Enquirer: 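Below you will find the structure I want to go over with you.
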Protein chains: 2
Amino acid sequence: MKRVLVIDDEPQIRRLLEITLEAKGFQVFTAGSATEGLQAVQTVRPDIVLLDLGLPDRDGQSLLAELRTWSTIPVIVVSVRDLESDIVTLLDSGADDYVSKPFNSEELFARMNAALRRTRPDLREAKYEVAELVVDFGNRRVIKSGEEVKVTPTEYAIVAELAKAGGRIVTHAQLLRELWGPLAEEERGSLRVHVSSLRKKIEDNPSCPTHLITEPGIGYRLC
Amino acid sequence: MKRVLVIDDEPQIRRLLEITLEAKGFQVFTAGSATEGLQAVQTVRPDIVLLDLGLPDRDGQSLLAELRTWSTIPVIVVSVRDLESDIVTLLDSGADDYVSKPFNSEELFARMNAALRRTRPDLREAKYEVAELVVDFGNRRVIKSGEEVKVTPTEYAIVAELAKAGGRIVTHAQLLRELWGPLAEEERGSLRVHVSSLRKKIEDNPSCPTHLITEPGIGYRLC
DNA sequence: CCCAGGCTTAACCAGATCTTTACGACAATT
DNA sequence: AATTGTCGTAAAGATCTGGTTAAGCCTGGG
C-alpha cells in the first residue's frame, strides 16, 4: 500500500484528503505545519507528499528547498494560487507537480500516480554514501564499514550538514549558523573540538583524515 | 476492547448509551460538559467520541474545532437538530458522522464501527511484534513472552505510538504532542517517568533496555 | 466516606555532552 | 628567524539530559 503524507494546516482539507485518498487505497498520514511535516517525512517515510502552500509557520518554498537537500521523494504542491510564474518557480524548486484548489479528486489521483510512476525508486533512499561511510538521514544514523557509529547530537548535526552538501565545501559560517543559530561567531573553538572528536569516530586515522577534510580558511568538506 | 467517550449533559442519555454500548462490547466513559469532555479525551484516550450538541457550557462546533487542532480521533455527533445545513457544517468542522436523536442503537453501532474502520486503518487488526514483545492494537493490549502485561492508559499510548512507527525513531516532540496535545512542552519530566515504569514492565533488565531504546537528544525507539 | 490506581511534580544522581582553556604544530608572512 | 593566524588536541569544568525514586494530588469505585 502506498503511503502519502498530507501537509496542510487546515483540518478540513486534511480530513477531506484523508477520506478520498483512503478510498483510493492509500495509507494517509497528516501533518499540520511545515516543521511537523519535515519531521514526518523522516518518520513516516511516505512514498509521496502533498504539500499545501501558505502554511502558518513557514514558507512552502523554503520547506521544499530544504527537503530537496536530502530527499528526492515526489512532492505535489497544492495551492489556491495558480499564477503561471508561481508554478514555474515551484517546479524549479523541486516540486513534481502542481494542483490548484479547489481540486478535482480524480485529477489529483491521476497526477499522484503519474508522479509515483516517474520517480526512480532507487533514489528515494534518504542517504548519503561515500565508500565505507553512510549517513542515514531517515534513521538519523551514521554507519562506517557496516557498523553503526555512536555520534552525539552535535556531531550528527555536523556530519549531516556536510553530507547534505554532497561533497561540496561547507563554510565555517554555514556550519556555525546551522548549529548555533544566526549570531554565533564565538563558537568556532567549540566547532573545532567537535570536528576533532567526530574524526576520531569516522576516520581510520584521525590525524590524517580522508573523509572529513579541512579546507583551510574556508570550512570543511565530506568526500 | 474499544474505548468510547460519551459527552452529553443529560444523565439519562449517558446512562442509556452506557448500557447499550457496554452490551456491544465497548468500554464506556462519560463526560457531562464540553470542558470536561475535552479534558477526558486526553485522560481516558478513547478510540472514538460521541458528542452531543447543545451542551450547556460551550457550542459543540467550537469544541470540535478545538479538538481537531490536535487530534484526529473519530467523533460522531449526536443531536436532536437535523437540519441539512447543520450537518454539512459539522462534517466540515471535522465530524466523522452524524446521528440524530432519537437514535436507533443498531444504526449508531454501525456508524461507530464504520468511523473506526475508516479512520484507524493502522489499528484495525494490526499487531506489532518484536521477539517476545507484542503490541496488540485491536485489543489494546501488550503481551510479553505470551503473558499479558498490565499497562496504564498513558503507558499504552507510549508503546503504541512507538510500535506504530515500526522501529523508527519517535521524537520527544511527537510523543508529547500525541499524549498531551499540541502545547505540552512542560511534560517532558512526566514522559520520562512513564517510560521508566514502562520499561520495568516490558524489559528483562530495565536498567539495560533492549526494546525501548533511548536515542539521546532525540527521542525513543522500539526495536 | 475511604481506598487504590494512576498521574504529575520535585529532588537527586550518574553519565553524557558541551564549552572553555591551554598548548603545540604548521604554514604563510614579515 | 620571528611573527601571526589557523587548526587540532587534550584536559578540565560546567551544563544538560535522562533515569529513578518518593511524595502528593486527583479521580473513580466501593
Side-chain angles (χ1 to χ4, degrees), chain A residues 149-159 169 171-173 175-176 179-181 184-203 205-221, chain B residues 3 5-6 11 14 18 22 27-33 35-37 39-46 149-159 169-173 175-176 179-181 184-203 205-221:
Chain A
V149 178
K150 253 200 73 188
V151 292
T152 70
T154 313
E155 286 160 11
Y156 177 80
I158 293 174
V159 74
I169 297 180
T171 65
H172 293 130
L175 273 173
L176 291 168
L179 297 193
W180 287 278
E185 265 297 302
E186 310 80 28
E187 305 289 340
R188 297 177 85 91
S190 204
L191 176 60
R192 281 208 301 274
V193 176
H194 283 114
V195 168
S196 174
S197 58
L198 189 51
R199 285 211 255 242
K200 280 185 201 147
K201 298 179 180 179
I202 65 174
E203 295 283 359
N205 182 1
S207 57
C208 173
T210 57
H211 295 120
L212 209 173
I213 308 294
T214 296
E215 296 288 341
I218 316 289
Y220 296 95
R221 186 160 57 89
Chain B
R3 299 153 72 94
L5 173 66
V6 176
R14 285 207 301 270
E18 215 167 314
E22 264 166 14
Q27 191 174 0
V28 183
F29 301 82
T30 59
S33 70
T35 44
E36 199 183 315
Q39 201 159 40
V41 172
Q42 294 195 16
T43 53
V44 319
R45 297 184 197 303
V149 179
K150 250 198 72 178
V151 292
T152 70
T154 312
E155 285 161 11
Y156 176 78
I158 293 173
V159 75
I169 298 179
V170 180
T171 64
H172 293 130
L175 273 174
L176 290 169
L179 298 196
W180 287 279
E185 264 297 301
E186 311 80 27
E187 305 289 341
R188 295 176 89 90
S190 202
L191 176 59
R192 281 207 300 272
V193 176
H194 284 115
V195 167
S196 175
S197 57
L198 191 50
R199 284 211 255 243
K200 280 184 200 145
K201 298 178 181 179
I202 65 174
E203 295 283 358
N205 181 1
S207 57
C208 173
T210 56
H211 296 120
L212 209 173
I213 308 293
T214 296
E215 297 286 344
I218 314 298
Y220 297 96
R221 188 160 56 87

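Here the structure is a predicted model, which is why all the values come from computation and not from measurement. Letters A, B, ... are given to chains in the order of the sequence lines, protein chains preceding strands, and every chain is numbered from 1.
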Enquirer: Whole angstrom is fine here: how far is it from CZ in Arg192(A) over to P in dT20(C)?
Expert: 12 Å
Enquirer: Given atom CG of Leu179(B) and atom P of dG6(C), what is their separation to the nearest angstrom?
Expert: 16 Å
Enquirer: Where the side chain of Thr214(B) is concerned, which of dG6(C), dG19(D), dT9(D) is the nearest nucleotide?
Expert: dG19(D)
Enquirer: Over how many whole Å does the gap from Glu187(A) atom CD to dT15(D) atom C1' extend?
Expert: 13 Å
Enquirer: What is the distance, to the nearest angstrom, from the NE2 atom on His172(B) to the C1' atom on dG19(D)?
Expert: 12 Å
Enquirer: On the nucleotide dC7(C), are OP1 or OP2 found under 4.0 Å from the side-chain N or O atoms that Thr152(B) carries?
Expert: yes
Enquirer: With under 30° as parallel and over 60° as perpendicular, where do the rings of His194(B) and Trp180(B) fit, or are they tilted in between?
Expert: tilted
Enquirer: At under 4.0 Å, does any side-chain N or O of Ser196(A) touch on OP1 or OP2 of dT9(D)?
Expert: yes
Enquirer: When all nucleic acid strands are considered with a 4.0 Å heavy-atom cut-off, which category describes Val195(A): base, sugar-phosphate, or nothing?
Expert: nothing
Enquirer: Looking at dT8(C), I'd like to know if its phosphate oxygens (OP1 or OP2) sit under 4.0 Å from a side-chain N or O belonging to Trp180(B).
Expert: yes
Enquirer: If you compare every side-chain N and O of His194(B) against the phosphate oxygens of dG19(D) (OP1, OP2), does one of them come in below 4.0 Å?
Expert: no
Enquirer: Quickly work out the Leu191(B) CG to dA10(C) P distance and round it to whole Å.
Expert: 17 Å
